Every structure is written in C-alpha cells, then in structure tokens.
There are 2 protein chains.
Amino acid sequence: MPGPEGNERSLASRLRLAVVRLNRRLRAQRTTASVTLTQYSALSTLKKCGPMTPGELAAKEVVQPPSMTRVIAALEEAGYVSRRPHPTDGRQSIVELTEAGLTLVLADISAREAWLDKRLAELSDAERGTLAEAAEIIDRMAGHTD
Amino acid sequence: MPGPEGNERSLASRLRLAVVRLNRRLRAQRTTASVTLTQYSALSTLKKCGPMTPGELAAKEVVQPPSMTRVIAALEEAGYVSRRPHPTDGRQSIVELTEAGLTLVLADISAREAWLDKRLAELSDAERGTLAEAAEIIDRMAGHTD
DNA sequence: TATTGTTATACTCTATAACTATA
DNA sequence: TATAGTTATAGAGTATAACAATA
C-alpha cells in the first residue's frame, strides 16, 4: 500500500510529472555553472567508471552515439576531458577526465546545487532519507546499474 | 540516516543525476504518444486546477510566459484545450480542457506510461512505496504545492 | 561487410528581448 | 505607464540518416 496521498493518478503518472518538473527547475538553475547538466552527468560516469570509449560512454548514459559525440566535444573544448588513441582499434579512442574535470566533479558545487541543497535543507530527515532511496531506485530504473 | 548505499556523493548530486537520467529515458518513450511530456504536464494542471489564464498556467508550471504560449498553441491545434475571452480583461483569455483533452488526461496510457509501468512492476512493494512518497516530495520541491 | 564514430539535419523545450494590445 | 500575451530569436538536448575510417 503506497499510502493514502492523492491516489487518483497512477504511480507512473505521478512519478513522471514529478521528474519532468524537477528536471525543468534544475536546468533553469545554471547561472554560474561551468558545464550543463548533461555534461555533468557524463563527467560523473567517467569519474565512477574510469576512462572508456565514446561508444561505451553513450551506452552507459543511455543516449545515441551522435549525442555523446557532441557532449564529449564540448567537454574536451572546455578542458574537462581528454582523448587518447585506443591501443588496438584505430576507430576508437579513450576518453578520460582531466585534472580539471576531476576537480569539477569532486567540487560538486554550483548555483544548481545550491538551489537544490536549499530545497533539501527544508525537508525533514525522513523525507531526505526517502529521496536518497528513491534516487538509487530511479537511477537503477533509468538503466544506471553500474 | 539515509542508509549505507554509495554515499560518497551528496544527496543533491545523486538526486539530480537520477532525475536527469530518468527524464531522458521518459522523453525517449514517446513513439505513440499524442502529446509531449511538457504538454501532458500542462493538461494535468488544467485538469487538477480548472480553467485559467495563460499567465496563471505558466506560473503553476513554473515556466516563462513565452514557453507556455507555445505549449497552449500546440494543445489548441491538437484540440485538447480551447480558449474563451476573459470576462473583464481584453488582454487575457481563459484556457480550458476540451472533452478530448479530459479524455486524454484520464486515459493516461501511452508508450511512455507502458515503459515506466513495466519498470515499476519489476520493483518491490516497498520500493514502489518509496517512489510514491518521493514523487510527492519532489513535486512539492519543484514548486507544485497546489 | 560490419563496426565505430562523426557530420548533417531537425525537432522539442526553454529562455530572454522586443513588440502589441489592452488596462 | 503597467500588464498580459505573443513573436522573434537562440541555445541545450536529443534523435535519425548519411558518411568516413577502420576492422
């Protein structure tokens, strides 16, 4: 039993609307951020999983290869990732975080973060715990099991 | 205590990545859907709160007026909303769901929904309960307190 | 011939700035 | 002059299709 709160709509519908709306707000909070949300997501995966090819990164992020091409190009331009040749396959390359990229991911502070941190600070411990569990479940659902 | 799972990253960071990634997956699941996620969100608000002006709808959805102009135009074109003159102010108009729009919101079935329903069906009851609570918290955080 | 990646192109979502119409 | 809304324009995010290079 999920509880008695506003159950006219299905769980799928409610979760979907919540995610769409929070995503919208998060993307709006990027006044001083040096990378976009999409770029940050790719950097996070590189931090978590280590250097990999563009194709592998596209697969982990669940986007098509052309989309990842653009993300990597922007990050390389900004100096947050670098590429080196694949040791055995001339078609591929290995993308890895630079020191600046690692610093950025570790620092993890931005206008975006500040906005969300403030919202989270207004919640109770129990609510934050629920969100922490939900984040894990959602990321797993979105195909991020690694 | 949020639990021992992967706590190197802050809650804000984990929640943000989860939302960005699920949003991406949801937007990809729209093969047979007749409206976009953004349009569906606006329809849901009209269903929940009743007829209102474009400005009110923009405020409730937390987007700028020009963004809502486009959403309303698309929904009107598709026959899911209609407009009537504001009774006292010639600048404004009242946007309301048509019968087709109401049917669409109530039906609430789409390829998107099917994909998410399938993912949700793979979870445990406890996990679904967590997501239900999280959806409520997230929507509140995103400014959807009405 | 199959695979990896890129380029070309297009659509959605959203914003800011400038404009129009009405108050 | 202030407000509500629209039009014009631009950038982020993503996709599919076509192409190039390598296996």
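The shown structure was predicted, so the numbers you read here are calculated from the model rather than taken from an experiment. A note on names: the letters A, B, ... follow the listed sequences, proteins ahead of strands, and every chain is numbered from 1.
In this structure, Arg128(A) contributes its side chain and Leu123(A) its backbone to a donor-acceptor pair below 3.5 Å. Using modelled atom types, one side-chain atom of Arg24(A) and one backbone atom of Glu61(B) make a donor-acceptor pair closer than 3.5 Å.
With dA15(C), dG13(D), dC13(C) as the candidates, the nucleotide lying closest to the side chain of Gln39(B) is dC13(C). Side-chain proximity of Gln92(B) to dG5(D), dA21(D), dA15(C): nearest is dG5(D).
For DNA chain C, the residues of residues 79-89 of chain A within the heavy-atom distance limit of 4.0 Å (strictly under) are Arg83(A), sorted by number.
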Please tabulate, one pair per line, each protein N/O and nucleotide N/O from nucleotides 7-10 of chain D that are separated by under 3.5 Å, including the distance.
none

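The CZ-P distance, from Arg91(A) to dT6(C), rounds to 13 Å in whole Å. Rounded to whole Å, atom C1' of dT14(D) lies 11 Å from atom CG of Asn23(B). Note: CD (Gln64(A)) to P (dT6(C)) measures 14 Å, nearest angstrom.
Residues that satisfy the side chain to side chain contact (heavy atoms under 4.5 Å, CB included) test with Ala78(A), not counting sequence neighbours, are Tyr80(A). For Leu102(B), the side chain to side chain contact (heavy atoms under 4.5 Å, CB included) partners two or more places apart in sequence, or in a different chain, are Lys47(B), Leu97(B), Leu106(B). With sequence neighbours left out, Gln39(B) forms a side chain to side chain contact (heavy atoms under 4.5 Å, CB included) with Val35(B), Thr36(B), Val71(B), Ala74(B), Leu75(B).
Salt-bridge check for Glu76(A) with Arg83(A): passed, with a basic side-chain N closer than 4.0 Å to an acidic carboxylate O.
A single hydrophobic cluster is not seen to contain both Leu43(B) and Ile94(B); linkage of ILVMFWY side chains at heavy-atom distances under 4.5 Å, directly or through other members, places them apart.
Annotation: side chain to side chain donor-acceptor pair (under 3.5 Å) contacts involving residues 96-105 of chain B, sequence neighbours excluded, comprise Arg84(B)-Glu96(B).
The residue Thr38(A) sits close only to the backbone: its heavy atoms come under 4.0 Å of sugar-phosphate atoms, none of a base.
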